[in-house]
Amino acid sequence: MELSRDRFIVSESNRGTGDYTLVVNDSYLGPAPGVRRVQVRFIPEEAGRVVALRSGEVDVIDSISPDFAGQLANLPGVQVDTVPCTRINQLFFNFRKPADHPLSNLHVRGH
């Protein structure tokens with residue numbers, strides 16, 4: 001059996017929702033992790049992530065504002081870790097529109 005540097009491997013995924021499941025890679029080179037399975041769920045809205053954490057629906061969230069971090073900091077059983085970083089937001093435009101749609105016009109899109 002060939003050893004691997006990947007601690008977890010993807011066992012299930014749903015490209016439509018962005019959800020996936022990771023399981024321990026039994027060929028992992030290092031010590032076994034403390035959990036055998038991790039479910040990752042994409043929750044697009046920050047408030048939705050905070051509600052899911054507060055309700056116990058999820059165990060870990062990321063990418064929250066300082067305001068929400070402050071609200072969570074004093075809750076029992078919640079640990080807030082902060083890391084200095086730059087927050088990046090991306091906007092994606094769907095230009096596959098019908099011919100009569102304004103975004104189908106190159107002049108409207110600035111080309």
Is it possible for you to say whether [X] and [Y] belong to one hydrophobic cluster, with membership spreading through side-chain heavy-atom contacts below 4.5 Å?
{"X": "Ile64", "Y": "Val78", "value": "yes"}
{"X": "Leu29", "Y": "Ile9", "value": "no"}
{"X": "Val35", "Y": "Val40", "value": "yes"}
{"X": "Val51", "Y": "Val58", "value": "no"}

List, one per line, each side-chain donor-acceptor pair under 3.5 Å for residues 18-25, sequence neighbours excluded.
residue, atom, partner, partner atom, Å
Asp19, OD1, Phe42, N, 3.0
Asp19, OD2, Thr17, OG1, 3.3
Asn25, OD1, Ser27, N, 2.9
Asn25, ND2, Ser4, OG, 3.2
Asn25, ND2, Asp6, O, 3.0

Donor-acceptor under 3.5 Å (Arg49 side chain, Ser63 main chain):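 Flag set: sc Arg49 to bb Ser63 pair under 3.5 Å.
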Within a strict 4.5 Å, meaning less than it, do heavy atoms of the Leu72 and Leu53 side chains meet?
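Side chain of Leu72 against side chain of Leu53, heavy atoms only: contact under 4.5 Å found.
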Practice prompt. Could you note down all residue pairs passing salt bridge (Lys or Arg N to Asp or Glu O under 4.0 Å) where residues 59-79 supplies at least one of them, sequence neighbours left out?
Written response: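 Non-adjacent pairs meeting salt bridge (Lys or Arg N to Asp or Glu O under 4.0 Å): zero.
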Other than Tyr28, what residues sit in its cluster of Ile, Leu, Val, Met, Phe, Trp and Tyr side chains whose heavy atoms are under 4.5 Å apart, directly or through others?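 Tyr28 shares its hydrophobic cluster with no other residue.
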* Distance in Å, Arg54 CZ paired with Gln71 CD, rounded so as to fall on 0.5 Å steps ->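 Here the rounded value is 6.5 Å.
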